[in-house]
Amino acid sequence: MNIEIAPTVIYANMMGMTVFALLCAVFKPTHRQSQSLVALLVLLLVHILGELYIYTGAYIYLPALAGLQFPVRVLLGPALYFYAVASMSPNNRFSKKEYAIAALGPVLVLIAMAPFVFGLTSAEKLALANPQTRDPENYKLALFACTSTMLIFIVFTFSYLAAALKVHDKHRTQLMTRFAKLEGRSLDWLKVMLILWGCTWLMYSVQYLLNFLGWTWFGKSFVFPLIESCVLMAFAYLALNQQILKEDEKAAPEPATTESDAQEPVRSASLELDTMKSIATKLSYAMKQQQLFLEDDLSLNRLSKAISISENYISETLSQHLKTNFFHYINQFRIEEAKERLLTSDSLVSTIAYDVGFNSKSTFNTAFKKSTNLTPTAFRKLHSS
């Protein structure tokens, strides 16, 4: 039995991580988000066991099982999408149609693999592993099955990853209409992980096809498994530590934001212009005189109560009259206050960031640079000189 040591060790480690993460997820409070995470981890575990089955050489004892993880692997993209929806969308229940579409991938893979799985004996399958013993016609059959399954995997997986990224973008846009603080709510880490999973699985698919065609590269048995292991470890840690969002942290108020922010058509205003001007005046007073923007977790609901105006009216005034959203509106006052303090005090930049309502220095630096094209430190140096 030919065992490839490096990938075997790495995938065995991944199996341990996945089992541990799965146990942690199982004991989390029952919720769609945790249930979706459990399902995703189970699918990842099947994928890892399939890789171990090949790299340890165990397939020589039961070659009929080799490749049976492929139909399951096609479900990884849908599982990530379902996790994203369960985590960020207020409508996190899935219809039978959605489950049926997700199941279409494995069905197509099984159809593509059927001639190879049922058309060849175990001995004929094992003979394909050695160029000296493989039958050309059988090899063409195996090549067709391999290419078809990988193409189905790529199309299916990336379609669902794109849909998951769209869910995240919509979620973040919705948050910006209700909250001045996005940290802990926006799940920006998930967007990064979706991109990393996409890159990892694309590398896996390309490597698999090239390897089947006899083209190899020096890191195929070490670099790729190591990258996949790092992505899995990061995802498991972040997913297990992600708090379940409240329903009001997922849903948007009725009025849409501007087209540039929401990437949706701007809704026509229902309030009279004079009414929106009056609301805008009250908003400005609450910011400049009461300095509500200094509250680090200021929300649309809190502002609504402070000025006795409904959330919908405030949101519509911001989007239709002031051409902004709640998040940007609050941050512009925070940035102006920060500018003043940078020029009139010797306080640390981090201290000023927290004092004006930001929750982290990095968020403050990003918002400040976007507004002024300068970092806070560069702004202070420029104007001090």
Side-chain angles (χ1 to χ4, degrees), residues 88-90 167-188 191 243 245-273 275-339 353-360 362-372:
M88 297 180 289
S89 173
V167 170
H168 177 270
D169 289 342
K170 183 178 180 180
H171 167 68
R172 201 173 196 281
T173 298
Q174 291 174 339
L175 286 179
M176 294 173 77
T177 65
R178 297 184 68 88
F179 299 98
K181 173 188 173 183
L182 302 185
E183 293 88 344
R185 297 185 175 110
S186 63
L187 275 76
D188 286 338
K191 181 176 183 178
Q243 296 298 315
L245 301 181
K246 300 175 183 178
E247 288 306 304
D248 68 334
E249 293 176 315
K250 298 178 182 180
E254 258 182 58
T257 57
T258 62
E259 185 173 3
S260 59
D261 290 325
Q263 296 180 349
E264 295 177 355
V266 179
R267 199 189 72 169
S268 59
S270 61
L271 294 175
E272 297 290 337
L273 180 59
T275 302
M276 289 193 287
K277 286 182 177 179
S278 175
I279 294 174
T281 300
K282 290 184 178 182
L283 289 172
S284 181
Y285 180 85
M287 294 300 112
K288 295 178 180 178
Q289 302 302 320
Q290 297 176 276
Q291 294 191 312
L292 291 181
F293 63 85
L294 295 179
E295 297 181 15
D296 63 348
D297 200 13
L298 181 64
S299 66
L300 183 63
N301 181 262
R302 163 78 178 96
L303 180 58
S304 171
K305 293 176 180 178
I307 66 174
S308 300
I309 302 291
S310 75
E311 293 183 41
N312 284 351
Y313 283 6
I314 294 173
S315 185
E316 185 163 343
T317 299
L318 290 173
S319 64
Q320 304 300 324
H321 181 58
L322 299 177
K323 306 302 179 184
T324 187
N325 59 35
F326 181 78
F327 177 81
H328 288 136
Y329 182 74
I330 300 303
N331 274 356
Q332 72 182 18
F333 286 98
R334 290 176 173 175
I335 295 299
E336 290 304 317
E337 180 67 18
K339 289 179 184 179
Y354 292 118
D355 287 346
V356 300
F358 286 93
N359 294 92
S360 70
S362 61
T363 303
F364 170 63
N365 286 340
T366 300
F368 194 94
K369 188 169 184 179
K370 186 175 181 180
S371 175
T372 65

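- Minimum interatomic distance between Glu337 and Val356 (heavy atoms only, all atoms of both residues): CG-CG1, 3.7 Å.
- A salt bridge links Glu336 and Lys339; the closest N-O separation between the charged side-chain nitrogens and carboxylate oxygens is under 4.0 Å.
- Other residues, nucleotides and ligands contribute at most 12 non-hydrogen atoms within 6.0 Å of the CD atom of Gln243.
- Asp296 is linked by a salt bridge (charged side-chain N to carboxylate O under 4.0 Å, His left out) to nothing, counting only residues two or more places apart in sequence or in another chain.
- Residues His328 and Asn331 bring no donor and acceptor atom of their side chains to less than 3.5 Å of each other.
- Considering only residues two or more places apart in sequence or on other chains, Gln291 meets the side chain to side chain donor-acceptor pair (under 3.5 Å) condition with none of them.
- For residues 276-289, no pair satisfies side-chain hydrogen bond (donor to acceptor under 3.5 Å, both in side chains), with sequence neighbours left out.
- If you take CG on Leu283 and OH on Tyr329, they are separated by 4.5 Å, rounding to the nearest 0.5 Å.
- Here Phe327 pairs with nothing under the ring pair (Phe, Tyr, Trp, His ring centres under 6.0 Å) rule; sequence neighbours left out.
- In this structure, the separation between OG1 on Thr177 and CD1 on Ile314 is 12.0 Å, given to the nearest 0.5 Å.
- Among residues two or more places apart in sequence or in another chain, the side chain to side chain donor-acceptor pair (under 3.5 Å) test is passed with Lys305 by Asn301.
- Minimum interatomic distance between Phe179 and Ser299 (heavy atoms only, all atoms of both residues): CD2-CB, 3.9 Å.
- Taking all atoms of both residues into account, the shortest heavy-atom contact from Thr317 to Ala280 is CG2-N, 4.0 Å.
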For this session: Could you walk me through whether Thr324 and Gln332 pass the side-chain contact (heavy atoms from CB on, under 4.5 Å) test, one step at a time?
Result: CA-CA 10 Å; Thr324 187; Gln332 72 182 18; 5.5 Å; no

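- No donor-acceptor distance shorter than 3.5 angstrom exists from the side chain of Ser315 to the backbone of Glu311, with no hydrogens or angles considered.
- Taking CE of Met88 as the reference point, atom CD of Gln174 lies at 10.0 Å (rounded to 0.5 Å).
- Contact check for Met287 versus Leu303: side-chain heavy atoms found under the 4.5 Å cut-off.
- Every residue meeting the side chain to side chain contact (heavy atoms under 4.5 Å, CB included) condition with Ser186, not counting sequence neighbours, appears here in chain and number order: Arg172, Leu175, Leu182, Asp188.
- Between Leu294 atom CG and Arg334 atom CZ the span is 8.0 Å, to the nearest 0.5 Å.
- For the salt bridge (charged side-chain N to carboxylate O under 4.0 Å, His left out) test, residues two or more places apart in sequence or in another chain that qualify with Lys191 are Asp169.
- Legend: residues meeting side chain to side chain contact (heavy atoms under 4.5 Å, CB included) with Glu295, ordered by chain and number and at least two apart, are Leu292, Leu298, Arg302.
- With sequence neighbours left out, the side chain to side chain donor-acceptor pair (under 3.5 Å) criterion links Lys181 to no other residue.
- The main-chain N or O of Leu245 is never found under 3.5 Å from a side-chain atom of Arg185 such that the two would form a donor-acceptor pair.
- Between the side chain of Glu316 and the backbone N or O of Ser270, at least one donor-acceptor pair lies under 3.5 Å.
- Remark: Phe364 engages Phe358, Phe368 in a ring pair (Phe, Tyr, Trp, His ring centres under 6.0 Å) (not counting sequence neighbours).
- Every residue meeting the side chain to side chain contact (heavy atoms under 4.5 Å, CB included) condition with Thr275, not counting sequence neighbours, appears here in chain and number order: Leu271, Glu272, Ile279.
- Here Ser362 pairs with Ser360 under the side chain to side chain contact (heavy atoms under 4.5 Å, CB included) rule; sequence neighbours left out.
- Considering every non-hydrogen atom in both Ile335 and Ser371, the closest pair reads CG2-OG, 3.8 Å.
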